[in-house]
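What's counted below: heavy atoms across the whole structure, side chains too, no hydrogens, waters or symmetry copies. Reminder, nothing fancy here: chain letters follow the sequence lines and each chain counts from 1.
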There are 4 protein chains.
Amino acid sequence: MSAGGRRRRGERAEPSRKQLMVAAIDCFARLGYQGTSIDRIARDAGVTKGAVYCHFRDKEDLLFEAVKDRVGSFEHQVLRAVPAGQDVVLALRNVAEACFFHATVSNHRRFIITLMVEALDTNPRLSAEFRQMLRRFRGFLASIVRIGQEQGVFRRDVEPEVASSALMGGIMGAEIEHYQDPQVVDLRRVLDLLIDQTLAWLAPARASTAA
Amino acid sequence: MSAGGRRRRGERAEPSRKQLMVAAIDCFARLGYQGTSIDRIARDAGVTKGAVYCHFRDKEDLLFEAVKDRVGSFEHQVLRAVPAGQDVVLALRNVAEACFFHATVSNHRRFIITLMVEALDTNPRLSAEFRQMLRRFRGFLASIVRIGQEQGVFRRDVEPEVASSALMGGIMGAEIEHYQDPQVVDLRRVLDLLIDQTLAWLAPARASTAA
Amino acid sequence: MSAGGRRRRGERAEPSRKQLMVAAIDCFARLGYQGTSIDRIARDAGVTKGAVYCHFRDKEDLLFEAVKDRVGSFEHQVLRAVPAGQDVVLALRNVAEACFFHATVSNHRRFIITLMVEALDTNPRLSAEFRQMLRRFRGFLASIVRIGQEQGVFRRDVEPEVASSALMGGIMGAEIEHYQDPQVVDLRRVLDLLIDQTLAWLAPARASTAA
Amino acid sequence: MSAGGRRRRGERAEPSRKQLMVAAIDCFARLGYQGTSIDRIARDAGVTKGAVYCHFRDKEDLLFEAVKDRVGSFEHQVLRAVPAGQDVVLALRNVAEACFFHATVSNHRRFIITLMVEALDTNPRLSAEFRQMLRRFRGFLASIVRIGQEQGVFRRDVEPEVASSALMGGIMGAEIEHYQDPQVVDLRRVLDLLIDQTLAWLAPARASTAA
DNA sequence: CATGAATGAGTTTTCATTCAT
DNA sequence: CATGAATGAAAACTCATTCAT
């Protein structure tokens, strides 16, 4: 009770599991998995090392939980940002907007990108998880493109899968540039240009009039 | 004779410094800086741990030497691929081609991307080095765009800096996707589409009126 | 249970921090700082290397803690041995007695002398600490001399600072000789002679004719 | 020949063995045996590590050679400073003078004291060497005292061995204080006082009343 | 649940020593 | 003699994990 842990009435018990997740996500996003020690996470969460093992089997478990949390949350956000039946052009813009939001306001996107790169050859299981996530995301973008093609809004001689790869890569790459050099790379403008470019490219050939 | 690396006469001294660099670059590219132990590098290079310290002050020194080597080499390759006075369209295609080459045949590009992401918050000095490199690269791409604009080959209402950010991000992102999922992401096709898209976007307006 | 130091219930927690300090002091006194490995200290204390880092930041921290502990303890002993208002002659004898005690029964004096010599050019910060300690000690001795002079017990044409330097040096030197060659150098007799000599020298001139 | 090693005509080949000894003595005096690396000595001597092994079997051999060199040289100096048949009072003053000289002009005395303390429990063989040296030195001082006693210049109720221990300890201790705090401890004055004190003590009792 | 001391394996680094040239 | 690359053992330190309380 003297050890600072007592909460006042109504102070929402702040389950330390949640705090640990928050701290872990932040640390992993900035320092990577290998660069983050359990001790660091615990300290940031305001508990001791031992407490981590009350909630998670080991460091990897914490990692997977964090990834599941962030990936799920992000995908949910994107789906919410793109209601079914929406204008496909608006849909693509909204996806970019969601990415922008999560890349600047939260560090969810950076968390994903950082761990994805790190996991490539060091954590096959995690890497597989990310692979699935990217496939879902590309599939999602490709489906938007496909709908646009069916609606006659997009030209038909473009493979939706390749186009979605290019778009997704463009978004990720722009983010990395921005994390690296926020003073020079204005993420908003780069993403806007990226979407404009994509839409122009997808516009049916005639006298292409992108939004 | 059993005592390790002693070479017999005429056995081509195979300067172990070079071998250490090669091993280090490969390990760092795949496992990251923190994920690579000195011991691993030494073993891969066929020497003992101690030998590493014969050639490099410490692990970080080895890292910086490796980065300097790879970045320098890559930039040299790109400059060679784009002779001065070349057609700007061809120039952009050649840049993409060089990236494709170094992303698939060697692992130089992956080395750079992996370390760039890892260094963000863990190694400010290295991160600054990468920041400079990206600025040079963006500046180089922007100069090509600018020349195209002066030649009337590219439209003039596009800011070269933003366009080069989008292009560079697109390349890096496509590479990451490819490293993640080589079976699904055909880097060549994605890069081709990326360049096509960029060139279409840069094409002088005939009737195209993008927002 | 086999996993080492886990104590059974009631087994008197024997705080290992204390044991580590004891082991460290003993090792440093005999082997010097550089000659003592963390592993050695841990083994002597009956714990593993890792435990050391549980209680001390690093080897140097352990060193400074040990020095602080011993120096403080020794100064405390000396002050207790020389109550305020005591006969100055008795005071000097008691100081020598305290040194004798800590040089033979414990190894506190040897600890201080060993580290003081080693630190000279290898650890400026520690050396400064010892410098302060010696200044305090000399100041303390000088104050006794000064009081004796005021009381008319000691002659007045002697500088207390120089006299205290000679006395302190005499004590330290005698100890070193004794550590070196305990069979030949009888520390008690040398210290006694030293004090006799000092007191004779400090005695008010009656007919004393020094060369 | 390009490697800087070529000497001009007449430049006295400066046998590197000598330079290595000089460098070793200096390093050992300041940093101790364990605190000095072979590489450091070699660098200070202007050669490479390997060269050390051309002249000395190993680090310990270099140590013993250095000790032999310094101890021999110092004893020789002292003997020269005290010609046989000299006035015993002058003899003691000259010994102190020789110590002062070698403690301030060269670092021979510090070399001896540093290694003597370090060797105590870490190098029994070296420690034995120093023990012999101290015995010789004490014997030498004791013989002077004894001669003085026979000449009636010194009182006879003092044991020469104990007196010489006190004197030798006083000299060593004063030196250590001076190495520690040269700005506060004026070695010359402390040694002078020490000799005065000793001589006063040794003066035949006329009215001298020690406590 | 939570703490914090402790373990033990693994990491970076140092350094005396060897040896082909 | 001298060099300098290389070895190998030992050192300091880190950190995920365990466990008694």
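Computed from coordinates, the A:Leu62 CG to F:dC15 C1' distance equals 15 Å when rounded to whole Å. In this entry the distance linking CZ of B:Arg57 with P of E:dT12 reads 16 Å, nearest Å. Atom CD in B:Gln34 sits roughly 14 Å away from atom P in F:dT14 (whole-Å rounding). Counting to the nearest Å, the P atom of E:dA6 and the CZ atom of C:Arg43 are 18 Å from each other. Taking atom CD on A:Gln19 and atom C1' on E:dC1, their separation rounds to 14 Å, with Å as the unit. Nucleotide E:dT13 holds its C1' atom 14 Å from the CD1 atom of B:Ile41, rounded to whole Å. If you measure from atom CZ of B:Phe56 to atom P of F:dA6, you get 11 Å, rounded to the nearest angstrom. The interatomic distance linking B:Leu63 (CG) with E:dT12 (P) rounds to 12 Å, in whole Å.
Pairing for F:dC1 is absent, judged as Watson-Crick or G-U wobble with the two contacts each under 3.5 Å. Here F:dC15 sits opposite E:dG8 as a Watson-Crick or G-U wobble pair (both hydrogen-bonding atom distances under 3.5 Å).
Side-chain contact annotation: D:Gln19 with D:Asp44, donor-acceptor N/O pair under 3.5 Å absent. D:Asn123 and D:Glu118 are not linked by any side-chain donor-acceptor pair at a separation below 3.5 angstrom, with hydrogens and angles left out of the test.
For B:His55 and F:dA6, the shortest distance from a side-chain N or O to OP1 or OP2 is below 4.0 Å. Put simply, A:Ser16 has no side-chain N or O that comes within less than 4.0 Å of OP1 or OP2 on E:dC1.
The nearest heavy atom of DNA chain F to B:Ala51 and to C:Asp39 marks one nucleotide each, and the one closer to the 5' end goes with B:Ala51. Toward the 5′ end of DNA chain E lies the nearest nucleotide of A:Val52, the other residue of the pair A:Val52 and C:Thr48 mapping further downstream. The nearest heavy atom of DNA chain F to B:Leu20 and to C:Lys59 marks one nucleotide each, and the one closer to the 5' end goes with B:Leu20. Nearest-nucleotide assignment on DNA chain E puts the 5′-proximal partner with A:Val47, out of A:Val47 and C:Cys54.
Listed nucleotides: E:dC15, F:dT17, E:dT13. Nearest to the side chain of D:Ser37: E:dC15. Considering only the side chain of D:Asp58, E:dT17 comes nearest among E:dA6, E:dT17, E:dT12. Which of E:dA2, E:dT12, F:dA5 sits closest to the side chain of B:Ile38 comes down to E:dT12. The side chain of D:Tyr53 has E:dT18 as its nearest neighbour among E:dT18, E:dT14, E:dA5.
Two residues are said to be in side-chain contact when any heavy atoms from C-beta on lie closer than 4.5 Å; D:Leu120 and C:Arg30 fail this criterion. Taking the side chain as every heavy atom from C-beta outward, D:Phe56 and D:Leu63 never approach each other to under 4.5 Å. In this structure, B:Arg43 and B:Thr48 have side chains that are not in contact, with every pair of non-hydrogen atoms separated by 4.5 Å or more.
The main-chain N or O of D:Arg40 is never found under 3.5 Å from a side-chain atom of D:Lys49 such that the two would form a donor-acceptor pair.
Applying the 3.5 Å distance criterion, the base of F:dT17 shares a donor-acceptor pair with the side chain of A:Lys49.
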